[in-house]
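Below is one structure, written out as structure tokens; the observations come after it.
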Amino acid sequence: MAPSIMRGLLLLAALCCLAPISLADDLQGHAVQETDDTSHQEAACHKIAPNLANFAFSIYHQLAHQSNTSNIFFSPVSIASAFAMLSLGAKGDTHTEILEGLGFNLTELAEAEIHKGFQHLLHTLNQPNHQLQLTTGNGLFISESAKLVDTFLEDVKNLYHSEAFSINFRDAEEAKKKINDYVEKGSHGKIVDLVKDLDQDTVFALVNYISFKGKWEKPFEMEHTTERDFHVNEQTTVKVPMMNRLGMFDLHYCDKLASWVLLLDYVGNVTACFILPDLGKLQQLEDKLNNELLAKFLEKKYASSANLHLPKLSISETYNLKTVLGELGINTVFSNRADLSGITEEQPLKVSKALHKAVLTIDEKGTEAAGSTFLEAIPMSLPPDVEFNRPFLCILYDRNTKSPLFVGKVVNPTQA
């Protein structure tokens with residue numbers, strides 16, 4: 001390989017706002033090549049769902065291992081879809097490392113099935129839904145001087161719904177603005193200035209985003225929110241606005257995890273799973289929680305009365321995926337040994353940056369009409385107080401695709 005390596009730039013963005021929305025009038029689902037076999041089409045994304053869940057927990061454990069004092073929040077679907085799309089242009093070890101690092105075994109699932117799974121996943125997530133807003137997108141920014149392989153452009157368009165834009169990377173400031181504007185628009189203004197600096201020798205930039213806003217099926221009343229203590233650790237306590245609702249919940253105590261497990265549904269097909277470990281049991285929770293346990297929680301319904309306290313918060317996390325994915329075996333694509341000749345054959349190419357940013361907002365607002373009230377019968381006996389006033393886990397799960405959209409840990413709700 002030539003000693004002069006032209007740089008590729010991979011940028012990722014994700015957004016999750018647990019708040020009310022007015023669905024944009026122009027929100028449209030991306031087209032996908034339909035087949036006559038609807039059952040096969042529906043099964044496509046389900047085939048890769050277990051891999052995405054395992055990938056999510058692999059990344060979570062990496063981030064938790066790096067620091068036990070920081071919030072964690074990321075979108076495994078966003079990261080996986082971007083790198084799976086990149087694999088379309090990778091060859092040799094670069095190609096193998098990416099797909100295996102994402103958790104796929106090519107002897108068990110053919111590569112064509114993997115890409116078909118992502119195609120169906122992205123198509124399903126982008127269907128217009130007036131109950132919640134969930135959109136994903138991919139943007140491919142190509143240097144005016146670069147000639148990309150036609151099959152690569154065709155595949156990323158058909159399989160990953162990617163848009164392609166010609167851009168002058170030699171004007172770094174203008175190129176940076178165009179990319180940031182694309183992400184800001186795609187994330188409905190929630191992710192701004194993702195790209196801080198941009199090299200003039202960049203050949204292409206791959207931008208992926210996912211945006212979610214939902215309405216609680218059973219909202220919290222704002223007048224019941226009060227300031228209460230949140231125990232970050234034994235030494236640190238912070239004041240947070242704590243939402244409160246007395247009622248019936250999908251809530252149970254899991255002895256194996258020594259944790260409370262709470263499922264809160266959105267209007268639509270997304271469920272938020274909140275897991276609150278007992279004091280001193282966070283490590284036990286992180287060690288034992290896996291895809292199988294999560295699936296059991298989501299399959300079995302519990303009906304329990306409780307006086308629930310959940311913090312109102314807004315956190316934002318940004319990650320350098322070169323470090324995180326390197327621990328999962330994805331290394332070559334970032335090195336001078338990268339083989340991305342399926343993208344362009346003109347010059348050697350590698351990924352110089354991989355950024356992932358995710359934002360989580362939780363508040364009371366969850367109804368389309370202000371002032372709506374939910375009344376429900378609860379047992380006469382005094383319900384337990386379940387207060388999320390110490391570090392807890394949060395997983396947002398799409399029931400249609402059986403995929404984890406977002407995974408996180410709230411260690412300090414006041415840490416933006």
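These numbers come from a predicted model, not from an experiment.
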message: Between Asp197 and Lys353 (salt bridge meaning N to carboxylate O under 4.0 Å), is one present in this structure?
response: yes
message: Does this structure show an ion pair linking Lys357 with Asp193, if we count only N-O contacts that are shorter than 4.0 Å?
response: no
field: Flag for His123-Gln127: side-chain donor and acceptor within less than 3.5 Å
entry: yes
query: Does CZ in Arg170 sit with more than 12 non-hydrogen atoms of other residues, nucleotides or ligands closer than 6.0 Å?
result: no
message: If the condition is side chain to side chain donor-acceptor pair (under 3.5 Å), which residues does Asp385 pass it with, not counting sequence neighbours?
response: Asn307
task: With side chain to side chain contact (heavy atoms under 4.5 Å, CB included) as the test, would you mind laying out the steps for Leu262 and Phe388 before giving the verdict?
output: CA-CA 10 Å; Leu262 167 70; Phe388 283 71; 4.0 Å; yes
task: For atom CG of Asn168, decide whether the heavy atoms of other residues, nucleotides or ligands shown that lie under 6.0 angstrom number more than 12.
output: yes
- prompt: Is the side chain of Asn71 donor-acceptor paired with the backbone N or O of Val411 at a distance under 3.5 Å, no angle test?
  reply: yes
message: For the OG atom of Ser78 and the CZ atom of Phe83, what is their distance to the nearest 0.5 Å?
response: 10.0 Å
field: Derivation and outcome, side chain to side chain contact (heavy atoms under 4.5 Å, CB included), residues Met243 and Ile362
entry: CA-CA 10 Å; Met243 304 181 297; Ile362 300 177; 3.6 Å; yes
message: Give me the atom names and distance for the closest heavy-atom approach of Phe392 to Phe274.
response: CE1-CD2, 3.8 Å
message: Taking Thr332's backbone N and O only, do any of them form a donor-acceptor pair with Ser335's side chain (distance below 3.5 Å, no angle check)?
response: yes
message: Quick one, Asp171 with Lys178, criterion salt bridge (charged side-chain N to carboxylate O under 4.0 Å, His left out). Give me CA distance, side-chain angles, the key distance, then yes/no.
response: CA-CA 11 Å; Asp171 186 345; Lys178 285 186 178 180; over 6 Å; no
message: Check whether Asp250 reaches the backbone of Tyr302 with its side chain - one donor and one acceptor, N or O, closer than 3.5 Å.
response: yes
task: Using atom types as modelled and distance alone, determine if a side-chain donor or acceptor of Lys350 lies under 3.5 Å from a backbone N or O of Arg337.
output: no
message: Looking at every non-hydrogen atom in both residues, tell me the closest pair between Ser75 and Ile210 and how far apart they are.
response: OG-CG2, 3.5 Å
task: Tell me, with the steps shown, if Asp181 and Lys177 meet salt bridge (charged side-chain N to carboxylate O under 4.0 Å, His left out).
output: CA-CA 6 Å; Asp181 286 349; Lys177 182 180 185 303; 2.8 Å; yes
statement: Shortest non-hydrogen pair, Ile179 vs Ala205, comes out as CD1-CB, 3.8 Å
message: Rounded at 0.5 Å granularity, tell me how far CD1 in Ile48 sits from CZ in Phe55.
response: 11.5 Å
message: Out of the candidates Glu221, Lys218, His224, only one should pair with Arg245 under the side chain to side chain contact (heavy atoms under 4.5 Å, CB included) rule; please name it.
response: Lys218
task: Side-chain contact test, heavy atoms from C-beta onward, threshold under 4.5 Å: evaluate it for Glu317 versus Ile72 and give yes or no.
output: no
- line: What one should report as the nearest heavy-atom pair of Ala90 and Thr94 is CB-CG2, 3.9 Å
field: Residues in side chain to side chain donor-acceptor pair (under 3.5 Å) contact with Asn412, at least two apart in sequence or another chain
entry: Thr414
- prompt: Quick one: does Asn269's side chain get under 4.5 Å of Asp398's, heavy atoms only?
  reply: yes
message: One pair to check against side-chain hydrogen bond (donor to acceptor under 3.5 Å, both in side chains): Ser70 and Ser67. What are the steps and the verdict?
response: CA-CA 6 Å; Ser70 301; Ser67 172; 3.1 Å; yes
query: Between atom CD1 of Ile330 and atom OG1 of Thr96, what is the distance when rounded to the nearest 0.5 Å?
result: 11.5 Å
- prompt: Below 4.5 Å, heavy atoms only, C-beta onward: do Leu52 and Thr401 meet side chain to side chain?
  reply: no
task: Mind telling me whether Phe74 and His356 have parallel, tilted or perpendicular rings, with 30° and 60° as the class edges?
output: perpendicular
task: Go through the steps to decide whether Thr151 and Leu88 satisfy the test side chain to side chain contact (heavy atoms under 4.5 Å, CB included), and finish with yes or no.
output: CA-CA 9 Å; Thr151 53; Leu88 289 168; over 6 Å; no
- request: Specify the closest pair of heavy atoms between Pro384 and Ser305, including all atoms of both residues, with the distance to one decimal.
  value: CD-O, 3.3 Å
field: Side-chain heavy-atom pair Val359, Ile191 within 4.5 angstrom cut-off
entry: yes
field: Side chain to side chain, Leu194 and Tyr209, heavy atoms closer than 4.5 Å
entry: no
Side chain to side chain contact (heavy atoms under 4.5 Å, CB included) assessment of Leu276 paired with Arg390: CA-CA 8 Å; Leu276 177 70; Arg390 55 188 179 273; 3.7 Å; yes
task: Could you check if a side-chain atom of Lys312 sits within less than 4.5 angstrom of a side-chain atom of Glu364, using non-hydrogen atoms only?
output: yes
task: Could you grab the distance from atom CD1 of Ile98 to atom CG of Leu328, nearest 0.5 Å is fine?
output: 12.5 Å
statement: In short, Phe169 meets Thr202 closest at the heavy-atom pair CD1-O, 3.3 Å
- prompt: Going through the checks in order, is the side-chain hydrogen bond (donor to acceptor under 3.5 Å, both in side chains) test met by His65 and Glu327?
  reply: CA-CA 11 Å; His65 179 72; Glu327 294 293 332; over 6 Å; no
message: Run Ser352 and Asp199 through side-chain hydrogen bond (donor to acceptor under 3.5 Å, both in side chains) and show every step you take.
response: CA-CA 9 Å; Ser352 59; Asp199 295 320; 4.6 Å; no
message: According to ring-ring contact (aromatic ring centres under 6.0 Å, His included), does anything in residues 135-158 pair up with another residue at least two apart or in another chain? List the pairs.
response: Phe141-Phe165, Phe141-Tyr182
task: Could you check if a side-chain atom of Glu97 sits within less than 4.5 angstrom of a side-chain atom of Asn331, using non-hydrogen atoms only?
output: yes
- prompt: Is there a donor-acceptor contact under 3.5 Å from the side chain of Glu111 to the main chain of Leu106?
  reply: no
- request: If the plane angle is over 60° it's perpendicular, under 30° parallel, otherwise tilted; pick one for Tyr266 and Trp216.
  value: parallel
- prompt: Under 3.5 Å, side chain of His46 to main-chain N/O of Asn400, donor-acceptor pair present?
  reply: yes
field: Counterpart residues, ring-ring contact (aromatic ring centres under 6.0 Å, His included), relative to Tyr160 (two or more places apart)
entry: His115, Phe118
Lys/Arg-Asp/Glu bridge criterion (N-O < 4.0 Å) met for Lys116, Glu113: no
Atom pairs and distances, donor-acceptor, side-chain atoms in residues 282-300, under 3.5 Å, two or more places apart:
from: Gln283; atom 1: NE2; to: Asp287; atom 2: OD1; distance (Å): 3.0
from: Gln284; atom 1: NE2; to: Lys256; atom 2: O; distance (Å): 3.0
from: Glu286; atom 1: OE2; to: Tyr60; atom 2: OH; distance (Å): 2.6
from: Glu286; atom 1: OE2; to: Lys409; atom 2: NZ; distance (Å): 2.8
from: Asn290; atom 1: OD1; to: Glu292; atom 2: N; distance (Å): 3.2
from: Asn290; atom 1: OD1; to: Leu293; atom 2: N; distance (Å): 2.8

Contacts of Glu387 that satisfy side chain to side chain donor-acceptor pair (under 3.5 Å) - sequence neighbours left out: Arg228
message: Is there a side-chain contact between Pro311 and Val410 in this structure, where contact means two heavy atoms from C-beta onward sitting under 4.5 Å apart?
response: no
